[in-house]
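The block underneath contains the structure these notes are about, expressed in structure tokens.
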Amino acid sequence: MDVSSLVEVAPRERFERICALTGAGISVAAGLGTFRGPDGLWTLSPEVERAMHAHLLPGNVDALWDVWGGMWKTAAAAGPTQAHRALAAAGASVITQNVDGLHQAAGSVDVVELHGSAGRARCLDEAFCGWTGPADDARRADPPQCGRCTEPARPAVVLFGEMLDPEALGAARRLVSACDLFLAIGTSGRVAPASWLAPTARAAGAFCVNVDLHPDGPVDPAFHARVVGDAEDVLAEWAR
């Protein structure tokens, strides 16, 4: 069912183990656009498309630094949104599809980054070197380079054609299996691996709610309810 208030269906005080899955929609208020749709980054910036694919490496490393490095700078300058701060204040564990670091900046401690982090870098020659470290360390050189072997470095984000970190997937599964309230915020949650998180949480006994400003189609049957509204307002009211 669609409702207008998270407080109405899932009052904060009723739950002790809250887990939130977040997507691009939660960071829009920080100046970061979503990817799809007529106003999405893919439509407005062809360079974003070039920065998404592993098979274009190493020829698209410059685009990776422009797009993902630019996203990190924008997020750092804006800081976390009310929605990020609300989840931190509620003590929610977070599984995020975002790479902007805003959950950690808001004070969330238990954060699983499914798609890596634009604030970290790794050596392009992963098989030989395997270095990872802060992106700022790599960017001390121009172009950015590995902090160990001085080969080129890239942002440590997961591109199309690359596998997700199995440790992150395992951590995500443990969190959703242990929560009593599961929230999907700023994401439809319909693309794997996010698509199995809500069903896993529900099967383990959690109450599942999707918070979406622009819902597409009927409520996913994995969720008990969908709150139609801006995550900023919905979560700020709920956390209070």
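Hydrogens, waters and symmetry mates play no part in the numbers below; they use all other heavy atoms, side chains included.
- Ion pair Glu162/Arg122 flagged as a salt bridge, since at least one NZ, NE, NH1 or NH2 atom sits closer than 4.0 Å to an Asp/Glu carboxylate oxygen.
- By the 4.0 Å N-to-carboxylate-O rule, Glu8 lies too far from Arg14 to be salt-bridged with it.
- Under the 3.5 Å distance criterion, the side-chain polar atoms of Ser108 are left unmatched by any main-chain donor or acceptor of Asp110.
- Checked by atom type and distance alone, the side chain of Asn98 pairs as donor or acceptor with a backbone atom of Ala24 at under 3.5 Å.
- In this structure, Trp65 contributes its side chain and Pro143 its backbone to no donor-acceptor pair below 3.5 Å.
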### Query
Given the rule in the side-chain hydrogen bond (donor to acceptor under 3.5 Å, both in side chains) test, do Glu113 and Gln104 qualify, once you have shown the distances and angles that lead to the verdict?
CA-CA 11 Å; Glu113 295 174 308; Gln104 293 91 329; 3.1 Å; yes
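- When every heavy atom of Ala10 is checked against every heavy atom of Leu181, the shortest pair comes out as CB-CD1, 4.0 Å.
- Of all the heavy atoms in Ala30 and Leu102, the pair that sits closest is CB-CD1, 3.8 Å.
- With hydrogens and angles left out, the side-chain atoms of Thr22 and His103 include a donor and acceptor closer than 3.5 Å.
- Of the candidates Val3, Val234, Val227, Val227 is the only one forming a side chain to side chain contact (heavy atoms under 4.5 Å, CB included) with Val209.
- For Val158 against Gly116, the heavy-atom pair with the smallest separation is CG2-N, 4.1 Å.
- With His115 contributing its side chain and Gln97 its backbone, the two residues share a donor-acceptor pair below 3.5 Å.
- Checking each of Leu87, Leu32, Leu21 against Ile26 for a side chain to side chain contact (heavy atoms under 4.5 Å, CB included) leaves exactly one that passes, namely Leu87.
- When all heavy atoms are compared, the tightest approach of Cys146 to Cys149 is SG-N, 3.3 Å.
- Scanning all heavy atoms of the two residues, the minimum distance from Phe223 to Ala198 falls at CZ-CB, 3.7 Å.
- Figure legend: cation-pi geometry between Arg173 and Trp196, with NZ or CZ positioned under 6.0 Å from the six-membered ring centre and within 45° of its axis.
- Looking only at distances, no side-chain donor or acceptor of His84 sits under 3.5 Å from a matching main-chain atom of Ala106.
- Side-chain atoms of Gln82 never come within 3.5 Å of backbone atoms of Glu232 as a donor-acceptor pair (strictly under, hydrogens ignored).
- At least one donor-acceptor pair under 3.5 Å links the side chain of Asp180 to the backbone N or O of Glu16.
- Classification of Arg50 and Asp62 as a salt-bridged pair holds, one side-chain N sitting under 4.0 Å from a carboxylate O.
- Ring geometry, His53 versus Phe160: the interplanar angle falls from 30° to 60°, so the pair is classed tilted.
- Of all non-hydrogen atoms in Ala153 and Val61, the two that sit nearest each other are O-CG1, 3.6 Å.
- When side chains are defined from C-beta on, Pro152 does not count as touching Gln145, because their heavy atoms never get closer than 4.5 Å.
- When atom types are taken as modelled, the side chain of Arg202 and the backbone of Pro221 share a donor-acceptor pair closer than 3.5 angstrom.
- Remark: the backbone N or O of Gly25 is not paired with any side-chain donor or acceptor of Thr187 at under 3.5 angstrom.
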